[in-house]
Amino acid sequence: MNIDKSRFCINRKIAPGLSLERFFSLVQRCGFNKVELRNDMPSGKVCDNLSYAQVRELAEKYQQEIITINAVYPFNQLTDDVLDKTKQLLNDAQSIGAKALVLCPLNDGTPVPEANTLDAIKRLSELFSGYGVQGLVEPLGFTFSSLRSAVGAQHLIREAHSSFKIVLDTFHHHLYENAEKEFVPNIDINGIGLVHLSGVEDKRPTHQLTDEERIMLTEKDVMENRRQVRRLEEMGYTGIYSFEPFSSTLEAWDEAEIERQIGNSIALLLQ
């Protein structure tokens, strides 16, 4: 499979112990120029304790493009508190030059009426347009998620007449039992704004898998990331693939191990 290196991105979740500067430097050493930042790192802040100007300077120094900030949660339970947090993250994104902000649905088993999710997309679309930031809705495949389907998320985005796109996460695609049946006949490939990649070796029933099982790609990957990516390429996807492992085992990886894991994952995808 031939995918240009410029289409790969590294999510900061892979390096929870690194400062922003060390993370940017590592990504550059690996030969990549795209990163995703987060608001759930140990500091609890997108920029840690750096100013916006300092983050922009580091991104320029290490030639890194900030693709997204992860994430608004829960975007479809749009309380005043969630709205305030969204505005702060939009300000963060605008101030550091991040192109998009990821939106995750309520994920605690509480049902959210489809009409509420639709209304949230409509309201947030207007807000995002004022900041010039792209909205990316990320369906979560867990059985207790309030928005599990990529196709369903795209339907709501169209119904809202929104410019939002979706994040297609290969882990969450694997968890949602109707994903394969829905995907090929119904997905709008041009409505995918980003693809998240992670690997799972655990062979337990799918409904028992959690973020803790998400590592980088290996030969034992039960989610068949190579097949998922090959199909996306064949369907005409030309966007970015971002590596987003989640397991707590990542906390023990030093920089050399992170680089090795990234190199191995790329090699597996492109072989």
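Values below: all heavy atoms of this structure, side chains included; hydrogens, waters and symmetry mates excluded. Keep in mind it's a predicted model, so treat the numbers as computed, not measured.
Taken to the nearest 0.5 Å, the CG atom of L83 stands 5.0 Å off from the CG atom of L78. L37 CG to I66 CD1: the interatomic distance, rounded to the nearest 0.5 Å, is 5.0 Å. For the atom pair CD (Q63) and CG (L58), the distance works out to 13.0 Å, reported to the nearest 0.5 Å. Separation of atoms CD1 (I166) and CG (L156) is listed at 11.5 Å; rounding is to 0.5 Å. Annotation: the span from N76 atom CG to I121 atom CD1 amounts to 8.0 Å, rounded to 0.5 Å.
Hydrophobic clustering (side-chain heavy atoms under 4.5 Å, transitive across Ile, Leu, Val, Met, Phe, Trp, Tyr) keeps Y131 apart from I67. No continuous path of hydrophobic side-chain contacts links M41 to I10 [ILVMFWY only; heavy atoms under 4.5 Å]. Grouping the Ile, Leu, Val, Met, Phe, Trp and Tyr side chains by contacts below 4.5 angstrom, directly or via other members, places L101 apart from V167. Linking ILVMFWY side-chain heavy atoms closer than 4.5 Å, directly or via other members, places L103 and L194 in two distinct hydrophobic clusters.
Residues meeting the ring-ring contact (aromatic ring centres under 6.0 Å, His included) test with F144, sequence neighbours left out: F142. Scanning for side-chain hydrogen bond (donor to acceptor under 3.5 Å, both in side chains) contacts around S125 gives S162, with sequence neighbours left out. Residues passing the side chain to side chain contact (heavy atoms under 4.5 Å, CB included) test with I189, sequence neighbours excluded: I192, L232, M235, Y237. Looking at residues two or more places apart in sequence or on another chain, you find no side-chain hydrogen bond (donor to acceptor under 3.5 Å, both in side chains) involving S19. Annotation: ring-ring contact (aromatic ring centres under 6.0 Å, His included) contacts of F183 (sequence neighbours excluded): H173. Every residue two or more places apart in sequence or in another chain that forms a side-chain hydrogen bond (donor to acceptor under 3.5 Å, both in side chains) with T210 is listed here: E213. For S265, the side-chain hydrogen bond (donor to acceptor under 3.5 Å, both in side chains) test picks out no residue, with sequence neighbours left out.
The salt bridge (charged side-chain N to carboxylate O under 4.0 Å, His left out) pairs that include a residue from residues 134-161 are R148-E177, where partners are two or more places apart or lie in different chains. Residue pairs meeting the ring pair (Phe, Tyr, Trp, His ring centres under 6.0 Å) criterion with at least one partner in residues 109-130, sequence neighbours excluded, are F128-F164. Pairs of residues two or more places apart, or lying in two chains, that qualify as salt bridge (charged side-chain N to carboxylate O under 4.0 Å, His left out) and include a residue from residues 234-244 are R38-E244, R214-E244. Pairs passing the salt bridge (charged side-chain N to carboxylate O under 4.0 Å, His left out) check and including a residue from residues 85-107, sequence neighbours excluded, read E65-K99, D81-K85. Residue pairs meeting the salt bridge (charged side-chain N to carboxylate O under 4.0 Å, His left out) criterion with at least one member in residues 182-203, sequence neighbours excluded: D202-R204.
Using modelled atom types, one side-chain atom of Q64 and one backbone atom of K34 make a donor-acceptor pair closer than 3.5 Å. Of the possible donor and acceptor atoms, none in the side chain of N39 sits under 3.5 Å from a partner among the backbone N and O of V46. The backbone N or O of Q271 sits less than 3.5 Å from a side-chain atom of R226, completing a donor-acceptor pair. When atom types are taken as modelled, the side chain of D254 and the backbone of E257 share a donor-acceptor pair closer than 3.5 angstrom.
R22 and E255 are joined by a salt bridge, as a carboxylate oxygen and a charged side-chain nitrogen come within less than 4.0 angstrom of each other. Note on R230 versus E233: no salt bridge recorded, every NZ/NE/NH1/NH2 to OD/OE distance being 4.0 Å or above.
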Requested in this report: Just do the side-chain contact (heavy atoms from CB on, under 4.5 Å) check on L175 and L209 with the steps written out, would you?
Outcome: CA-CA 8 Å; L175 294 190; L209 297 177; 4.0 Å; yes
Requested in this report: List the steps and the verdict of side chain to side chain donor-acceptor pair (under 3.5 Å) for Q228 and E224.
Outcome: CA-CA 6 Å; Q228 290 199 51; E224 299 182 300; over 6 Å; no
Requested in this report: Determine, stepwise, if the pair T117 / E114 fulfils side-chain contact (heavy atoms from CB on, under 4.5 Å).
Outcome: CA-CA 5 Å; T117 301; E114 189 174 278; 5.5 Å; no
Requested in this report: Take R12 and E36 through the salt bridge (Lys or Arg N to Asp or Glu O under 4.0 Å) test and state the conclusion after the steps.
Outcome: CA-CA 6 Å; R12 197 183 177 195; E36 289 190 273; over 6 Å; no
Requested in this report: For K13 and D211, run salt bridge (Lys or Arg N to Asp or Glu O under 4.0 Å): C-alpha distance rounded to whole Å, both residues' side-chain angles, the deciding distance at 0.1 Å, then the answer.
Outcome: CA-CA 12 Å; K13 197 71 174 176; D211 279 330; over 6 Å; no
Requested in this report: May I have the step-by-step check of side-chain contact (heavy atoms from CB on, under 4.5 Å) for V195 and I240, ending in yes or no?
Outcome: CA-CA 6 Å; V195 175; I240 295 167; over 6 Å; no
Query raised in the report: Hey, mind stepping through R227 and R231 against side-chain contact (heavy atoms from CB on, under 4.5 Å) and telling me if it holds?
Result: CA-CA 6 Å; R227 180 187 63 82; R231 179 171 63 186; 3.6 Å; yes
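Counting heavy atoms from C-beta outward, K45 and C47 have side chains that stay 4.5 Å or more apart. Proximity of I215 to T249: side-chain heavy atoms (C-beta onward) are separated by under 4.5 Å at one or more points. Annotation: side chain of H196 is not in contact with side chain of F243 (no heavy-atom distance under 4.5 Å). Looking at D169 and L197, their side chains never come closer than 4.5 Å, going by heavy atoms from C-beta outward. Looking only at side-chain heavy atoms (C-beta outward), I262 and I14 come within less than 4.5 Å of each other. Using a 4.5 Å cut-off on side-chain heavy atoms (C-beta onward), M223 and S198 make contact. Put simply, the side chain of T110 does not reach to within 4.5 Å of the side chain of S146, judged on heavy atoms. A 4.5 Å side-chain heavy-atom check between F75 and V82 finds every atom pair outside the cut-off.
Within 6.0 Å of atom CD in E60, 12 or fewer heavy atoms from other residues, nucleotides or ligands are found, so the atom counts as exposed in its surroundings. The local environment of CG in D108 is crowded, with over 12 non-hydrogen atoms from other residues, nucleotides or ligands closer than 6.0 Å.
Taking the six-membered ring where the residue is Trp, F8 and Y241 present tilted rings, their angle falling between 30° and 60°.
Closest of all the heavy-atom pairs between K165 and G193 is CB-N, 3.7 Å.
Judged by distance alone, the side chains of Y52 and N91 do bring a donor and an acceptor atom under 3.5 Å apart. Between the side chains of N225 and T170, at least one donor-acceptor pair of N or O atoms lies under 3.5 Å. Between the side chains of T68 and N70, a donor-acceptor pair is found at a separation under 3.5 Å. There is no side-chain donor-acceptor pair under 3.5 Å between T218 and N264.
Among L20, V27, L26, the single residue meeting the side-chain contact (heavy atoms from CB on, under 4.5 Å) criterion with F24 is L20.
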